[in-house]
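Here is the naming used below: chain letters follow the sequence lines, and residue numbers restart at 1 for every chain.
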Amino acid sequence: MNVRTLVVLCPDWPVIATAASADEAVAVIAVNRVMSTSPAARVEGVEVGLRRRDAQRRCPALQIVDPDPDRDARVFASIAALVDRFTPRVELSFPGSLAFPTLGPSRYFGGDELLARLVASEIDEALGSSGWFDAVGVGVADGIFAATRAAELAVTEPDHVRVIPSGEAAKFLSPFPVSVLGRPELADVLHRLGLRRLGDFAALKVDDVVARFGVEGRFLHRLARGIDDRPSSLGPPPRSFDAESVIDPPAERVDIAAFAARIVADDLHNRLRAEGLACTRLLIVAETDAGERLERVWRHEGALSSTGIVDRVRWQLDGWLNGPSAQRPSGGVSRLLLIPDEVMPARGRQHGFWGGETEADERAGRALARVQGMLGVAAVTVPERRGGRGPADVVVRAPFVGIDGDEDRNRGSAVDAPWPGRVPSPLPTLLPSEPLSIEVLDATGAPVWVSGRGTLSAEPSTVKFDAAVRNGISIAGWAGPWPCDERWWDQLTHRRRARLQLALSDGRAMLLQIEQGSWSVEAVYD
Amino acid sequence: MVLPAALPSSVPPPSLKELAERIRPVVLARQAVVPVVEPLQRLLPDGGLIRGSTVAIGGVGATSLALQLVAAASQAGSWVAVVGLNDLAPSAVLEANLDAERIAFIDPGNSGRQVDVLAALIGAVDVVLLDARLLLRPSEGRRLASRLRERGSILVVVSPGGVVNSSLSADLSLTVGDAQWEGLGRGHGHLRSRRVCIGVDGRGRASRTARCELLLPAIDVQVATAESEREDGTVVAFIR
């Protein structure tokens, strides 16, 4: 997606940054080639790319300056500060060029054209105060590539502004030489192919470009077509809220570590609150003096308070320091690090009045989070309706993440779907975690099996849980087989089986399944 | 001077019984009862689950009975935590009308920390279903029992098809037996209902042993109110 972008470009920036006056002939020369020149030098015939000796021959009075990217960037920061007044989302491309998306500022200042004029006059004034009039161009177009091209042209315009209407980037770019793509090797090849303009290159079929030039060729082809979808690094710079505490001497006991955690947690909480943020996911890292490290991510649907953070630190360390001896660290905790993994605007939090979250829910949520601290996050699960035929598919266990954070956990189209052929209600209460193999025998003691057409080979009469036992348990009633051929379109998850419901003479009832010729207990009605 | 017709001295002093009524605490332990579904009310000596008590359930059908026992509490807004019982089918839990939003399954695995887990849960959740196969030492059992009484949670110890855990002395123990399934023929039909006989035994008010026949589960989706008194005095209730 093209982002409407404004680009400010000062093509002579390396020279401007040297603080030379505009009417002097100055050139920045790097590795024996002219990198940037002042207008006065250009008049004398000094061009970018010229060798040092040729430049000096054309303009004997030429002042030669060595390049200094740090200086360029340092001086350009003052220009960036000017633009900061229009938008906070300024992206510095390189010294002499910056960009920002126009969406918000443009609406505020009355359109792209007006915004660009304001920016241009502001910068031109600032540069003009040191004699550098007409050294800036402002271009607005869809995407940073087209906007940069527009800014290049804008330098020579009287008002230093060039706005390309939305949707016309491709048309605008088509007369440019292919060399503006900034890939000399590609430009060379395209030249030899007779494609001299971006328009010619853009007219090629994508497939052909990819076949010949690969992924990079495809990217440049998109640029030439006016599609500029480079990921934007715009936005406020990420701030780090990490809080750290070094515990010296190392804490051997949980309460000592928790005390240290309270100070860090308060600090973290205050800094987040100053920004109007609240932490919903927190990574707690504890390190011992022996270099062992325990990391755990904590999630909380309502934002974590500083007491909440301390509780979690305590639970986590409790699970570690007082856990089974095999997992216990060899030394005390020497360093605690709290990293807010997910923050959101703090909206405050209130208990439900009618329905919704209650205090009991919160208490239970805290206890469950604490148990997660002892046993690991995966040890606490909640039911989640999925929909399906077998008793194990209808509802599955999903990891507990927090109270009322996943409201649509038990909804979805699959849940209410009819699922023809599902196991009838009442559902079995026990699902053996490992399939328990069983033998189903007919009256003569021969194994019973299910044919490919879904019929039993004989009437089942007894079952044996253990092949070594002489007499099996007799069957009081049975129903089935219920063939079930699921996900036949997918090789990996395809299951073809038949189910058999059994009531045994001792009062037990179970659901058997036969899969690939062998019977097993799928579920027990207890 | 005319004396009032009734002299103050003529008011009879309040009897001890009346005094006891006046000074008794607002809620007796017997009154802190968590409701159960209607057919189970006549099974339990107090008509419900008493807060702070331990209930042990064993026998073939123990899982179904345990789920039914806590279903009404869950519907009334109580949290239920299931510790252990890793083979318990979540589909059956929801089918037994437990609230999916207020239940959590906890798998202590072989961490050996089931006591810590239980201690954290007791008081925070109203009902804890505990797998009887998780071993507790007698001292730990006593500690948990006193914590239970203090915090008012209910511990239901389930031993599916097995014997009741001895390290936790239960206030009430229910044993399911004589299961008979109905609805399944020889090659036709499907399991519909099960007639079970439940033996009740316990301490205090529950010390009189009672037996009761139930349909667990019953055919209807709703809790059936139909019941019949049999000649030997046992009541058949229908539960589902």
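A pairwise comparison of heavy atoms in B:G61 and A:D526 identifies N-OD1, 2.9 Å as the closest pair. Closest approach of A:V371 and B:I106 over heavy atoms only: CG1-CG2, 3.7 Å. Residue B:V60 comes nearest to A:G507 through the heavy atom pair CG1-O, 4.3 Å, listed as atom of the first residue, atom of the second, then distance. Across A:L375 and B:R113, no two heavy atoms sit closer than the pair CD2-CB, 4.5 Å. Of all non-hydrogen atoms in B:A92 and A:P428, the two that sit nearest each other are CB-O, 3.3 Å. Closest of all the heavy-atom pairs between B:P90 and A:L431 is CD-CD1, 4.4 Å.
Neither the backbone nor the side chain of A:V423 comes within contact range of chain B; no heavy atom of the residue lies under 4.5 Å from a heavy atom of that chain. Only the backbone of A:A476 has a heavy atom closer than 4.5 Å to any heavy atom of chain B. Only the backbone of B:H188 comes within contact range of chain A, with at least one heavy atom under 4.5 Å from a heavy atom of that chain. With a threshold of 4.5 angstrom between heavy atoms, B:L98 does not approach chain A through any atom at all. With a threshold of 4.5 angstrom between heavy atoms, A:P460 approaches chain B through N, CA, C or O but not through any side-chain atom.
Under the side-chain contact (heavy atoms from CB on, under 4.5 Å) criterion, A:A446 pairs with A:D442, A:T444, sequence neighbours left out.
Applying the salt bridge (Lys or Arg N to Asp or Glu O under 4.0 Å) test to residues at least two apart or on different chains, the pairs with a partner in residues 78-94 of chain B are B:D87-B:R133.
With hydrogens and angles ignored, the 3.5 Å screen pairs a side-chain donor or acceptor of A:Q501 with a backbone N or O of B:L191.
B:Q180 CD to A:S505 OG: the interatomic distance, rounded to the nearest 0.5 Å, is 11.5 Å.
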